[in-house]
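Note on naming: letters A, B, ... go to the chains in the order of the sequence lines (proteins, then strands), and numbering restarts at 1 for each one.
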Amino acid sequence: MTARSQALPAFNDPDDRPGILTVREEDEIRAKLSASWYEGSGFVAWLKSTNHKSIAKRYIVTAVIFFILGGLEAGMMRAQLSRPENRFIGPDLYNQIFTMHGSTMMFLFAVPVMEAIGLYFVPLMIGTRNVAFPRLNALGYWMYLFGGLLLYAAFFLNTGPDAGWFSYVPLAGPQYSPGKRVDVWAQMITFTEIAALIGAVEIVTTIFKQRAPGMSLNRIPLFVWAQLITAFMIIFALPAIVVSSSMLAMDRLIDTHFFNPAEGGDALLWQHLFWFFGHPEVYIIFIPALGMISSIVEAFTRRPIFGYPAMVLSLISTAFLGFGLWVHHMFATPLPQLGQSFFTAASTAIALPSGVQIFCWIATIWSGRPRYTTSFMFVIGFFLLFIIGGLTGVMIASVPYDLQVHDTYFIVSHFHYVLIGGAVFPLFGAFYFWFPKITGRMLSERLGKWNFWLFFIGMNVTFFPMHILGLLGMPRRVYTYLPEMGWGNLNALVSLGAVIIVASVCVFLANVLVSLRSGVPAGDNPWDASTLEWATSSPPPSYNHLFIPVVEGRDPLWDARDGELAVVTGLRTDRHEGLVTSLMDAEPEHRYEFKRETILPLMLAVFGGGTIIIAIFSPWGVTIGAVLSLIILTCWFWPTISPDHDTPRRGRIRRSP
Amino acid sequence: MTTAAFRDAVARSRALVIIATTGAMAACTGFQSALDPKGPKAEAVSHLNWFLVITAAVVYVAVIGALFFALRRASARPVAFARDDVEEPDRERARVRWVAGAAAVSALILLLFLFVDVSTARSLSQVGGVRPLRIDVVGHQWWWEVTYPDIGNPQNTVSTANEIHVPIGRPVLIKMTSDDVIHSFWAPNLDGKKDLIPGHETITWFRADTAGVYRGQCAEFCGHQHAKMAFFIVAEPRVNFEHWLTAQKSPATTPADSLGQAGEKVFMTGTCAMCHSIEGTSAGSKYGPDLTHLASRRTIAAGTLPNNTGNLAGWILDPQSIKPGAKMPPNQIDPQSLRALLAYLGTLR
Amino acid sequence: MTGLRFTSLLIAGVVLLASCKREQRRFRETPPAATASNSIVMSSLQPGPSVIETGTRNPYEDNAWAVAEGKTLFDQMNCSGCHSHGGGGIGPPLTDDEWIYGSDPANIFATITEGRPNGMPPFRGRLPNYQVWELVAYVRALGGLQGKAIRTTRDDHMMYKESEQARNKGHPTPTFVPPSSVQP
């Protein structure tokens, strides 16, 4: 980030009387901002967009489409497993389907959608106009999209990966997975890991340096804390899978021996590297959901979340501890018992911060005044379901217990309870909460209640019996089972539950489509919530807030109930200008110009993506692609000099009486 | 939606779940079930299971109870904007004490869990008994190679497939590895699972205290027929076990009748001998299971089918329709030769 | 809603593409037809009027699964015993471009099923035909005659040696005994 011009004069300069703008002046500024932030209409303008809201909306829609595809894959699995010795899907296709289901849900739905909601709302909540690196943000989306398209194009060409979403070697190695299926998986990882890292970098930089003046770190909303912590987790966790997927691709393409025990490699190396990423990955999915819960609980109990410092410290401890758990996925391997006990301790301990958060939310509800909107119902659903998942998680932290239930349907049940209960339910709550802000229309509460109940009931009918199936001996990833095992009835029940979940998602989609067309128009703040995204119109204008707000507490809109919100004036309206503030206390430092819309991110994604896809077939792809990408990157970083470079403009703080 | 109606609905659905669970739990006994322990390790885990489940259920009810209590109380609150209420420091301090107390209780429960977990793990790591029986298991796609080594007398080493006989009351020490991909050896009635990883040797033990036949299954995804890679552990009194082991040590003999001899010729001159071995004959390939005592096994195809003539015939003619993707090819054998072959295989007791 | 439409179109456009031949995994072939090795000729020159060839085609040309299966069979049927891993030894190398009896799939099929002078045993009746075709696909891949995407890959069992970290450090010489199933 280049420091532009000179620093602003001292904040609250006594010589500069706070001014009040007339309505006409305000309208003028509004018009100028609309004009300068307008990106154009039409398909090409859409391709060139660097507006964080536009990009985040794309992310969300694409992620929901992948959610539906992943759900369809789950439906096919359940159809096959509904009866013993069913002949609906054979083993080869089934292996591809469960791998696609896991990979889609984990890499193409869960992480992107959580990041996307962050990318949409973090700038609004902290009072800035765009994320720190708008072009990079666009690149992230295109890489994600191309990764997903690669995976599904391969799937429809019978080249879908079939070694499981965690792709253990040697099964996924060159000898036992011939063809290009696993190579497609490894390169899909490359696409999505780049997108995830880009999102993380955006979030960290934006939160650290672009907050509204007065929004010190102890005043940022818990949702923003959650996104910040998640972004740091992404930055530390993703390199492990970058390395391991590259090693796998190299083993398969150019005959290296990273995982070949016969030549000094080790099959366990893959597991360590993958799970060092894989365990934080699930917290990367879960922690943003915790942030969403806080936002929703605060709005619908009408009080600030109880125990803000405890909540923040819990989030940080969960993230930190989350990096020390990975061996609990490997308890069945011949690792020393003493070492495994360490991970039992860590896996047990991580329940404590989550517990503290739950107690704080309950205290919030206890001392608040709840409103039972659909959003809030999903939060209650979160409590009911996530706690089950969390408790089974503490159970399987025990090595002997895990050795009985590892790789059985008990584990499938556990992680679906924590992922659906702990992440998808808050996500749906967030959809119902923030849909009015994004689209300007309210979702139907009636359809929402149907959505919630069908999902809640379906989820329990589907996944609770799996606990029992696991204890009764049914392993994971089996395409069929023998009739004499006695699992048929429970499996049929589970498959029925899956149908109910499908119905629930259909109701949700219907709700979205109907409400987009004819939902009740939402005002700026239909829920009377406290955070800054509700201070602007629904949907927000492309420049987010007319003036950058100034905050003095954690709940700016509630603080401002009696008066108006203080703002910063004086930012340029002819350029995309924002304010950069200090890390801890958010004191203004200097102005910052956001980069405008450009086709370069798409081009870099095409060339970079092409590189990665060619690398599936030939290592030359890396060389050719590097050259092409270098050309695009040169254009990207070509220095520009704006006119008026050295004309400082003064800003003012505005407060109305 | 009123709170009362909501709470009722949730309580009702939870009751349903509990009923369903109990009903399902009634089918607790059986076959390949961790809830029906037949040995000390599985029994310890089963006890641990009930301890954990009950404690977890109590915690769950307590927390959800608190949540619903909070919802009910809060819904009755007259204040429209609760934030004003929060300004009272005494009340907030009281809440802090409650939350801190709950966190402390949680920490204690988690410490208790940790203690129980680690002590169970430690107690299960010691081999339970003296003079363990040594068995080697090698995992293949998609069958289990079982060897009873005899260090003193290598020619007495027994090699069989997919069926493990053990004497009751005596610990069994298993050394395992894999020939190709990662598998996992899991007989839930007796013990938890351990992975078979190529390049590593895994050592575990179990003991069967009750006579019976216990099914196990591969529990790590290993390819197309992971679903049908089962094995059976036959726990029997020591005398029966010794009898079985002695019988397994003897090589196959040439059959007395002409049909059997014709069958042996079919085996040796066709595709069978290319992959299977029969001790006492010239068939010595180690890529498929050893068939020396095929007729003594309860199942074929890694626990997929009961071992009888009809199933064996179907398996030989077209294994791909039973286990698509398995390494055994379909075999074109005319009915006459098939009859002879089956007769010969029937003599391999 | 250009965004939504565009994304949906993109994704819809990817659907319904033909199955990729490389990735097919056929576990059951229709009953193997009688070998047509009698109709294989070594040269295109023939006396008299030319006869229309009905050459036997390899059903597994360009199929990665078949090449992998062929590789497994290559070791299991002890082709490595004479041909090593393609480099040759007692038998001629298979990775070069000198094909004594022809490199056509049908030629290799005939070589394997009929045997050849100087030590190549006949496998007719010992392997079902489709497994011989898998070996044919692998041998051709060894010789570089399959597509680039169907290359042979490195072996997980090339040398029967324990990985470093699994080896017992107390013994300087390797003491690993291979599992019984891979002993020759």
- prompt: Sequence neighbours excluded, which residues qualify as salt bridge (Lys or Arg N to Asp or Glu O under 4.0 Å) partners of B:K327?
  reply: C:E69

field: Ion pair check, C:E61 and C:R140, cut-off under 4.0 Å
entry: yes

With a cut-off of 3.5 Å and sequence neighbours excluded, list every side-chain donor-acceptor pair involving residues 270-277 of chain B.
unit_1: B:T271; atom_1: OG1; unit_2: B:N331; atom_2: OD1; d: 2.8
unit_1: B:H276; atom_1: ND1; unit_2: B:P289; atom_2: O; d: 2.8
unit_1: B:S277; atom_1: OG; unit_2: B:D290; atom_2: OD2; d: 3.3

Could you look at [X] and say if it's the side chain, the backbone, both or neither that has a heavy atom under 4.5 Å from chain B?
X	result
C:Q76	both
C:D75	backbone
C:R26	neither

- prompt: Any idea which of B:P329, B:P330, B:A326 has the most non-hydrogen atom pairs under 4.5 angstrom with chain C?
  reply: B:P329

- prompt: Top residue by heavy-atom pair count (under 4.5 Å) with chain C, among B:P319, B:S285, B:G325, B:G284?
  reply: B:G325

query: Taking all non-hydrogen atoms of both residues, which atom of B:T202 and which atom of B:D195 are closest, and how far apart?
result: OG1-O, 2.8 Å

message: Testing the 3.5 Å rule here: is there a donor-acceptor pair between the side chains of C:R126 and B:T269?
response: no

task: Below 4.5 Å from any heavy atom of chain C, which atoms of B:S321 appear? Answer side chain, backbone, both or neither.
output: both

